[in-house]
2 protein chains.
Amino acid sequence: MDYIQLSRAPLFKGISAEEIGIILSDVPYRIRKFMAGTLISQSGESVNSLMVVISGVVKGEMVDYAGRVIKIEDIPAPGALASAFMFGNRNRFPVNVIAVSEGELLLIDKQDFLRLLMKNGVILVNFLDMISNRSQFLSEKIKFLNFKTIKGKLAQFILQKAGKELSSVSFDITQNDLADFFGVARPSVARALGEMEHEGYLEAKGKNIRIIDKEGLARLTRD
Amino acid sequence: MDYIQLSRAPLFKGISAEEIGIILSDVPYRIRKFMAGTLISQSGESVNSLMVVISGVVKGEMVDYAGRVIKIEDIPAPGALASAFMFGNRNRFPVNVIAVSEGELLLIDKQDFLRLLMKNGVILVNFLDMISNRSQFLSEKIKFLNFKTIKGKLAQFILQKAGKELSSVSFDITQNDLADFFGVARPSVARALGEMEHEGYLEAKGKNIRIIDKEGLARLTRD
DNA sequence: CCTGATTTGTAACATATGTTACATTTTTGT
DNA sequence: ACAAAAATGTAACATATGTTACAAATCAGG
């Protein structure tokens with residue numbers, strides 16, 4: 001089995017391939033091989049084991065009420081599957097999980113995994129980090145979705161990037177990705193930026209922003 | 001100390017007041033009394049201990065770039081503070097935490113808390129449940145924020161509540177709360193519902209909805 | 001350095017939602 | 001059962017954003 005690949009997984013961060021071998025010799029686990037196209041788990045099914053993709057790629061698919069596929073998220077090795085849904089009140093898969101390529105999964109039953117967490121502090125911290133990171137990412141995203149105007153979102157984004165000292169910022173993502181993150185249309189982002197420039201809040205030149213009126217931007221975040 | 005109150009805390013769910021006493025005799029902890037108005041933690045400060053409100057009420061306040069207070073969230077006893085921010089990459093308070101009334105906090109240092117988690121399986125599961133529930137709640141919220149139209153959000157909400165079998169649904173929250181959850185204005189929710197009725201998707205009578213065209217609703221969730 | 005691909009800026013127009021205001025209905029407390 | 005409060009249904013109007021399309025600018029690979 002590919003312990004090297006596993007040692008790159010967030011769950012096993014800071015643990016060498018050899019150590020992983022030792023750890024796994026002490027906890028019941030299963031390996032499940034899958035072929036491209038296999039349905040690995042179904043939406044609504046309860047999540048009763050930890051699942052780590054050892055090799056290959058799987059994807060999550062939401063299925064709507066008419067049976068049509070809506071959204072897709074890829075999880076390549078060595079990612080973990082549905083780790084935020086192993087615990088909590090609604091511990092069921094939120095999506096169908098389907099193999100994109102052939103590959104292998106590491107499965108550890110929930111009870112065995114709990115024992116592992118209690119035995120190995122590094123894995124415990126790694127797991128806590130994983131689900132906490134997810135929460136933190138989602139919180140951040142909601143913060144932006146909650147601003148009602150695009151200018152508000154942009155102002156928040158720019159001020160946050162600039163921090164207290166800096167007076168210029170350089171976007172490291174495209175307008176397209178930014179628009180996706182905000183949940184708005186791309187030309188609307190461009191327009192909002194343009195307007196903010198005309199209104200004297202900033203000077204925009206491609207991805208580089210010079211902040212002119214920090215106070216004013218702060219006001220915009222209050223929609 | 002008020003172990004009875006603590007036994008109602010999600011972290012100590014399923015553990016009796018006496019057992020809590022025993023557990024706490026074995027792990028270093030501190031009690032911090034606070035008076036109304038005290039600043040308990042500051043936004044940006046790193047979260048290096050577990051904090052449980054034993055008595056009293058605290059609130060979280062976001063502070064904007066001009067120093068003005070924006071949003072508030074109350075955490076009454078026996079809630080935990082910033083539990084989703086103890087771990088993960090950005091383990092800092094996202095808000096200022098301020099005492100609303102006088103009260104007491106239970107503090108356990110992160111390292112000691114980790115030892116406790118490894119020693120006590122019930123607390124471990126409770127904590128995992130707490131942070132997972134948060135993730136799940138946030139995911140759910142984002143799902144709704146991602147629908148571009150209010151009709152889409154409503155359709156999703158109704159179908160989800162109805163499940164596969166039921167053909168009628170009863171809202172258990174007010175339009176106002178629904179509007180907040182969706183991040184839209186209240187009259188817009190009412191209007192969207194009205195339109196969906198005219199368009200023959202459903203029959204709305206106060207909080208009671210009879211689904212007429214399930215297929216059509218499903219189509220709406222595809223915006 | 002050149003060329004094709006990606007990203008950005010901008011425009012015209014359509015539309016969903018916000019805002020404000022009020023009447024009506026339902027719920028709550030006594 | 002009543003009065004007061006809360007929630008709901010609607011309307012008119014303002015506006016932010018979406019949509020589509022295209023040209024200009026920038027980037028990436030050979």
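In what follows, every chain begins at residue 1, and chains take the letters A, B, ... in the order their sequences are listed.
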Starting from [atom2] on [N], measure out to [atom1] on [X] and report it in whole angstrom.
X: Leu154(B); N: dT17(C); atom1: CG; atom2: P; answer: 10 Å
X: Lys148(B); N: dT17(D); atom1: NZ; atom2: C1'; answer: 12 Å
X: Asn176(B); N: dT25(C); atom1: CG; atom2: C1'; answer: 16 Å
X: Lys207(A); N: dT8(C); atom1: NZ; atom2: C1'; answer: 8 Å
X: Phe182(A); N: dA16(D); atom1: CZ; atom2: P; answer: 17 Å
X: Glu197(A); N: dG9(C); atom1: CD; atom2: P; answer: 9 Å
X: Asn208(B); N: dT25(C); atom1: CG; atom2: P; answer: 17 Å
X: Asp180(A); N: dG18(D); atom1: CG; atom2: P; answer: 11 Å

- prompt: Quick one: on DNA chain D, does Ile150(A) or Arg191(B) contact a more 5' nucleotide (nearest heavy atom)?
  reply: Arg191(B)
query: With nearest nucleotides of DNA chain D determined for Thr174(B) and Glu195(A) from heavy-atom distances, which residue corresponds to the more 5′ nucleotide?
result: Thr174(B)
Give [X] one of three labels, base, sugar-phosphate or nothing, depending on what nucleic acid heavy atoms sit under 4.0 Å from its own.
X: Ser188(B); result: base
X: Lys205(A); result: nothing
X: Leu193(B); result: nothing

- request: Find out whether Ile108(B) and Ser49(B) are in side-chain contact, i.e. whether some heavy atom of one side chain is under 4.5 Å from a heavy atom of the other.
  value: no
message: Quick check on side chain to side chain contact (heavy atoms under 4.5 Å, CB included): which of Val52(A), Leu11(A), Ile15(A) does Leu6(A) satisfy it with?
response: Val52(A)
- request: Taking only the side-chain nitrogens and oxygens of Gln175(B), find out if one of them lies under 4.0 Å from OP1 or OP2 of dG9(D).
  value: yes
Any ion pair linking [Y] and [X] (charged N to carboxylate O, less than 4.0 Å)?
X: Arg92(B); Y: Glu45(B); answer: no
X: Glu140(B); Y: Arg90(A); answer: no
X: Asp172(A); Y: Lys161(A); answer: yes

query: Of the nucleotides dG18(C), dG18(D), dT10(C), which one has an atom closest to the side chain of Pro187(A)?
result: dT10(C)
message: I want to confirm an ordering. Mapping Ala192(B) and Arg186(B) to their closest nucleotides on DNA chain C, which one lands closer to the 5' end?
response: Ala192(B)
